[in-house]
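Beneath this line is the structure, given in structure tokens, with notes to follow.
Predicted, not measured: the structure shown is a model, and the values here were computed from it. The basis for the numbers below is simple: all heavy atoms, side chains too, and nothing from hydrogens, waters or symmetry mates. First the proteins, then the strands, lettered A, B, ... as listed; each starts at 1.
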Number of protein chains: 2
Amino acid sequence: MRPDQNMKWWGWGVEGVAFDHEGKPGLAPLVREAIDLNLHTVPTEPVPSFDQLTVPSSVAPAELLDAMRRLVGAEHVSTADLDRVVHTYGKSLRDLLRVRAGDLPRVPDVVVHPADEEQVQHVVDLAARSDAVIIAFGGGSNISGSLEPVVGERRPVISVDLGRLDQVLEIDEESGLARVQAGVSGPSVEEQLNGQGWTLGHFPDSFTHSTLGGWVATRSSGMQSDKYGDIADITRGLRVVRPGGPLVLRPLPSTSTGPSVREMILGSEGRLGVITEVTVHVHRLPENRLVLGYLFPSWEAGLAAMQEISTSEATPSVTRVSDARETRFSFATRKKSRSLSSLVSKGFMRLLARRGWDLSQACLSFVGYEGSADHVARQKKLVRAIVARHGGIVLGKGPGELYDQKKFDTPYIRDFLLDRGAAADVSETAAPWSQLPNLYTAVRKAADAAYDSLGVRGWIMCHLSHSYHSGACLYFTFAFRHGGANALEQYTVVKNAIQQAFVDNAGTLSHHHAVGTEHAAWLSQDISPAGTDLVSGLFASADPRRMFNPGKIVS
Amino acid sequence: MRPDQNMKWWGWGVEGVAFDHEGKPGLAPLVREAIDLNLHTVPTEPVPSFDQLTVPSSVAPAELLDAMRRLVGAEHVSTADLDRVVHTYGKSLRDLLRVRAGDLPRVPDVVVHPADEEQVQHVVDLAARSDAVIIAFGGGSNISGSLEPVVGERRPVISVDLGRLDQVLEIDEESGLARVQAGVSGPSVEEQLNGQGWTLGHFPDSFTHSTLGGWVATRSSGMQSDKYGDIADITRGLRVVRPGGPLVLRPLPSTSTGPSVREMILGSEGRLGVITEVTVHVHRLPENRLVLGYLFPSWEAGLAAMQEISTSEATPSVTRVSDARETRFSFATRKKSRSLSSLVSKGFMRLLARRGWDLSQACLSFVGYEGSADHVARQKKLVRAIVARHGGIVLGKGPGELYDQKKFDTPYIRDFLLDRGAAADVSETAAPWSQLPNLYTAVRKAADAAYDSLGVRGWIMCHLSHSYHSGACLYFTFAFRHGGANALEQYTVVKNAIQQAFVDNAGTLSHHHAVGTEHAAWLSQDISPAGTDLVSGLFASADPRRMFNPGKIVS
């Protein structure tokens with residue numbers, strides 16, 4: 001993001017854009033039922049004014065700041081409180097609760113906006129000479145605690161905002177590769193590529209505010225990754241600034257140069273240097289694009305259908321199915337609110353009734369298709385047969401347009417709820433197909449037990465968001481009305497219960513949200529203690545002075 | 001491999017299987033023209049008898065051997081000279097020249113054949129206690145110098161042969177995953193899986209004699225990787241024995257647990273521990289399987305067609321095109337030797353002449369298809385249109401059957417030539433599509449310059465063997481009649497020239513043959529010095545006492 005486009009210090013998105021439940025009459029009753037919250041009241045927990053916060057002063061020595069100003073220009077070096085607070089946290093619920101509460105034990109001492117890789121190199125070399133800490137900052141949308149300075153850090157902390165490195169530098173049309181600066185945001189990279197007939201095809205929920213470098217640093221995955229791949233597949237070449245000079249990986253389709261350095265930088269969360277440039281796969285804009293809605297009689301049927309699609313000859317761009325709860329939620333947040341039963345004709349309803357459907361268990365699914373008319377038609381036909389085999393029905397384009405319309409809106413709802421005293425967040429995992437039904441049940445049980453232990457009415461819903469040959473990502477959203485002062489402790493109880501259920505049931509601690517500080521406690525349970533040792537050893541040897549974003553992934 | 005199936009100490013494959021040019025009348029004239037070698041003579045450089053070799057004695061202390069015998073059984077611990085020599089080298093030309101010359105400065109002191117992971121753990125722990133070196137050994141087919149002990153190594157060197165860990169342990173049918181012991185050979189894993197209706201789909205040239213653990217340790221790629229993926233894609237879960245206990249990675253479709261430990265083990269060549277178990281993607285045996293031959297008027301046309309296929313809606317299982325030289329070679333090694341012109345009808349030849357083809361420049365291509373009849377038909381149609389757009393023609397099934405028949409034979413030809421005083425080997429690379437024509441030209445030039453500098457008549461030929469979205473693998477085979485005593489020096493001149501041309505022209509040092517000692521000199525040119533530092537640091541931190549296969553990848 002450009003520095004002047006930083007997100008709100010207290011929530012998601014830029015000032016002036018927010019969620020509102022007006023015109024969505026189905027939402028308030030559902031929220032009332034789900035978490036005992038009345039939306040028809042004024043916010044009970046309004047955002048404090050920024051002036052109410054006590055922001056620790058910058059401890060950056062004057063000579064460091066002077067040197068930095070000489071390197072990048074005084075106007076690109078900021079010690080202003082607002083800038084420093086915006087660069088302190090990401091946007092997890094824990095981050096929002098803390099920043100709204102003025103819980104700011106350590107904020108960066110200075111925010112610097114270098115213009116290019118050369119300036120990043122100067123800043124990193126200056127930090128190395130000055131015994132300072134570097135925290136690379138993209139869009140600030142991380143929800144795993146990957147951005148915050150270590151509490152008690154005595155060295156000066158420099159937040160390096162990559163927002164000015166926002167250009168597509170070159171497209172190699174023959175190879176389907178583009179050299180792109182790491183600070184470019186989702187909308188900007190697509191705009192620059194689309195103008196020349198290309199697309200990156202990477203659309204994470206955070207798309208509007210996250211950056212290419214951030215995606216690489218956290219192993220992001222987008223809504224159309226079934227076709228375009230996760231960022232780990234998309235990323236081919238890399239430039240990473242380290243003291244003395246950059247690490248450079250040329251774009252290669254595949255290579256056998258030992259342990260993969262590319263796969264060490266991916267997911268490194270700024271701990272191995274500052275990513276300045278990424279060479280990525282790009283694709284010609286598809287001739288046709290279509291997202292169709294389907295309805296399954298049960299979650300199990302939906303999962304089984306997605307599994308069958310993943311091993312079939314169909315190659316859709318999106319596979320997604322929501323559980324019954326998320327299906328209800330989806331319909332409740334439609335612009336012209338309609339219940340599921342109002343979406344379809346009476347005749348259709350009678351058909352479902354004859355088939356013995358329990359509509360409260362119905363699960364909404366989206367499958368996306370891209371390519372030539374012939375290809376799309378063939379895909380649709382293959383998928384239709386699979387859906388039918390699992391008792392599902394085709395809803396058509398309407399819900400697909402709904403999907404496209406709303407796909408980046410969800411984070412705003414969280415702020416809206418938070419203003420009204422409800423904590424909401426997401427946790428996602430991936431596991432083999434055979435484990436998904438058990439995993440799902442265990443996570444719901446764990447969340448419910450956590451809610452019970454807190455004595456709150458809580459909600460958890462889920463969708464399958466990405467399919468692979470051997471498994472899929474399950475993406476959970478949870479919410480409850482918190483108790484005010486102890487909101488953070490309550491949140492921790494629920495979040496931890498869900499994370500523990502992931503790793504106890506063959507799931508990973510996160511499919512695409514990274515480790516950060518939020519998930520670090522589960523790393524050894526996920527990749528075994530010996531695996532954690534390898535990662536720790538890599539960081540210790542590559543950054544013995546712990547100058548790059550210390551405390552993340554492993555502490 | 002089972003211990004009793006070890007390859008010849010002096011060449012490829014098991015005793016009794018060899019290449020012969022009888023019945024291939026086209027080969028001798030081509031070899032005469034290409035490298036000035038007369039095949040119609042008796043071998044000039046016959047393999048010496050094993051008794052002529054001077055094999056250094058084992059320096060393993062008696063107490064170490066005794067302890068090992070107690071751990072795995074005396075019959076599974078060998079200090080016999082033949083066993084130790086077989087476990088000293090892989091099968092590169094350098095390896096064969098050295099072993100045949102009795103150049104054995106350091107051989108393992110003992111070869112141990114553990115029965116299972118528990119025994120591997122005991123052996124590794126014993127080695128750690130005894131300050132011994134562990135070199136894991138699969139099929140011994142490596143051609144990058146990944147197996148040889150460091151010359152001058154003073155500690156006892158234990159070759160851990162994984163041949164007894166050869167079972168498919170479990171198939172998770174719902175997830176398309178199989179848990180497989182690392183020592184299983186290609187034919188064995190396919191036989192075990194095929195019996196239950198599944199396939200791994202991994203068919204490297206070394207298939208007959210290489211193992212799953214070896215594929216993982218060297219980042220192998222198979223002939224059908226366009227469909228099934230490289231071993232890096234196929235590998236999901238891993239168990240790696242390290243001192244004190246195994247590193248365990250659960251099978252996950254995708255994960256964001258920081259720098260990828262899975263991708264550290266992949267390509268680690270035994271430097272991070274002993275791989276004992278791999279959970280891999282498996283697929284249902286395809287309903288139909290078809291490899292079709294095509295002919296292009298030029299190498300450039302063939303490359304361009306493969307590139308277009310890679311971005312089209314066709315998803316073939318194999319894409320391959322040979323340059324004009326390799327095309328001639330392919331036809332010269334047919335069982336009933338036929339020139340290209342005898343393969344097709346006179347009418348067809350007239351058609352080609354009318355089109356202005358220069359048959360000496362024609363390039364043979366194979367494209368493979370798998371799946372339902374409908375799917376295969378559609379793929380064929382898409383590919384046929386692309387081939388036609390690039391001036392190519394369909395040859396049909398005949399050449400495809402040729403491809404299937406010969407695919408694992410090539411290494412035997414090398415021994416046959418070596419017996420007659422000619423050095424032959426392979427080097428392969430990968431690069432973006434846009435770079436391939438230049439890279440190809442530069443490599444041919446570099447090889448020719450090397451031959452000129454040596455005053456020998458040399459040959460180099462090439463095929464594109466794997467296609468990706470952004471590039472492909474170019475696989476070169478080179479040969480020349482060497483000068484006898486200085487064969488190794490001459491080989492080094494040619495091999496080095498080719499490797500240097502790779503990294504100087506946007507190629508990687510190896511697409512799927514690993515780094516070992518053979519390619520280590522180019523690592524920093526490939527992944528930059530900072531990249532090499534990360535790899536060195538990983539090894540140093542994970543194995544501070546250098547007990548696991550020291551000296552490989554980075555020295």
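- The choice from Thr257(A), Thr218(A), Thr315(A) that makes the most heavy-atom pairs within less than 4.5 Å of chain B is Thr257(A).
- Your options are Leu266(A), Leu538(A), Ile553(A), and the one with the most heavy-atom pairs under 4.5 Å with chain B is Leu538(A).
- Counting heavy-atom pairs closer than 4.5 Å to chain B, the top residue among Thr311(A), Asp374(A), Leu523(A) is Asp374(A).
- In terms of modelled atom types and a separation under 3.5 Å, the side chain of Arg250(B) and the main chain of Ile527(A) share no donor-acceptor contact.
- Both the backbone and the side chain of Ser372(B) have a heavy atom closer than 4.5 Å to some heavy atom of chain A.
- Chain B forms more heavy-atom pairs under 4.5 Å with one residue of Leu436(A), Thr429(A), Val282(A) than with any other, namely Val282(A).
- Residue contact with chain B, scored on non-hydrogen atoms closer than 4.5 Å, involves the side chain of Arg378(A) exclusively.
- Residue contact with chain A, scored on non-hydrogen atoms closer than 4.5 Å, involves the backbone and the side chain of Leu534(B) alike.
- Interface summary for chain B: among Thr532(A), Asp533(A), Val248(A), Val515(A), the most heavy-atom pairs under 4.5 angstrom belong to Val248(A).
- When each of Ser144(B), Ser268(B), Ala431(B) is scored by its heavy-atom pairs under 4.5 Å with chain A, the top score falls to Ala431(B).
- Only the side chain of Gln307(B) comes within less than 4.5 Å of a heavy atom in chain A; its backbone stays farther off.
- Taking all atoms of both residues into account, the shortest heavy-atom contact from His375(B) to Glu313(A) is CB-OE1, 3.0 Å.
- Counting only residues at least two apart or in different chains, salt bridge (Lys or Arg N to Asp or Glu O under 4.0 Å) contacts with residues 230-242 of chain A comprise Glu117(A)-Arg239(A).
- For the atom pair Ser528(A) OG and Leu249(B) CG, the distance stands at 6.0 Å (nearest 0.5 Å).
- The shortest heavy-atom contact between Ala530(B) and Pro246(A) is CB-O, 4.2 Å.
- Of all non-hydrogen atoms in Val535(B) and Pro259(A), the two that sit nearest each other are CG2-O, 4.1 Å.
- Of the listed residues (Gly258(A), Gly516(A), Gly245(A)), the one with the most heavy-atom contacts under 4.5 Å to chain B is Gly258(A).
- With hydrogens and angles disregarded, no donor-acceptor distance shorter than 3.5 Å links the side chain of Glu263(B) to the backbone of Met264(A).
- The side-chain hydrogen bond (donor to acceptor under 3.5 Å, both in side chains) with Ser175(A) is formed by just one residue from the set Ser470(B), Ser310(B), Ser434(B); it is Ser434(B).
- Gln379(B) does not touch chain A: none of its heavy atoms, backbone or side chain, sits under 4.5 Å away.
- Of the atoms belonging to Arg271(B), not a single heavy atom falls under 4.5 Å from chain A.
- Here His281(B) is the residue among Glu308(B), His281(B), Arg284(B) with the most heavy-atom pairs under 4.5 Å with chain A.
- Using a 4.5 Å cut-off between heavy atoms, Val240(B) makes no contact with chain A at all.
- Looking at Ala217(B), there are no atoms closer than 4.5 Å to chain A (heavy atoms on both sides), in backbone or side chain.
- Taking 4.5 Å as the heavy-atom cut-off, the residues of residues 507-514 of chain B that approach chain A are Gly507(B), Thr508(B), Leu509(B), Ser510(B), His511(B), His512(B), His513(B), Ala514(B), ordered by number.
- Looking at Thr255(B), both its backbone and its side chain come within 4.5 Å of chain A, counting heavy atoms on both sides.
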Practice item. Apply the test side chain to side chain contact (heavy atoms under 4.5 Å, CB included) to residues Ser256(A) and His519(B): give CA-CA distance (whole Å), side-chain angles for both, the deciding distance (0.1 Å), then the verdict. Key: CA-CA 10 Å; Ser256(A) 65; His519(B) 302 141; over 6 Å; no

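- Contacts between Ala232(B) and chain A at a heavy-atom distance below 4.5 Å are absent for every atom of the residue.
- When every heavy atom of Asp172(B) is checked against every heavy atom of Pro432(A), the shortest pair comes out as OD2-CB, 4.4 Å.
- Contact between Ser254(A) and Ala430(B) at its shortest, heavy atoms only, is O-CB, 3.4 Å.
- Interface residue Leu177(B): only side-chain heavy atoms are found under 4.5 Å from chain A.
- Between the side chain of His469(B) and the backbone N or O of His283(A) there is no donor-acceptor pair closer than 3.5 Å.
- How far CG of Leu252(B) is from CG of Asp526(A): 6.0 Å, rounded to the nearest 0.5 Å.
- At a 4.5 Å heavy-atom cutoff, the contact between Val503(B) and chain A is made by backbone and side-chain atoms alike.
- Heavy-atom distances place the side chain of Ile265(B), and not its backbone, under 4.5 Å from chain A.
- Only the side chain of Leu272(B) comes within contact range of chain A, with heavy atoms under 4.5 Å apart.
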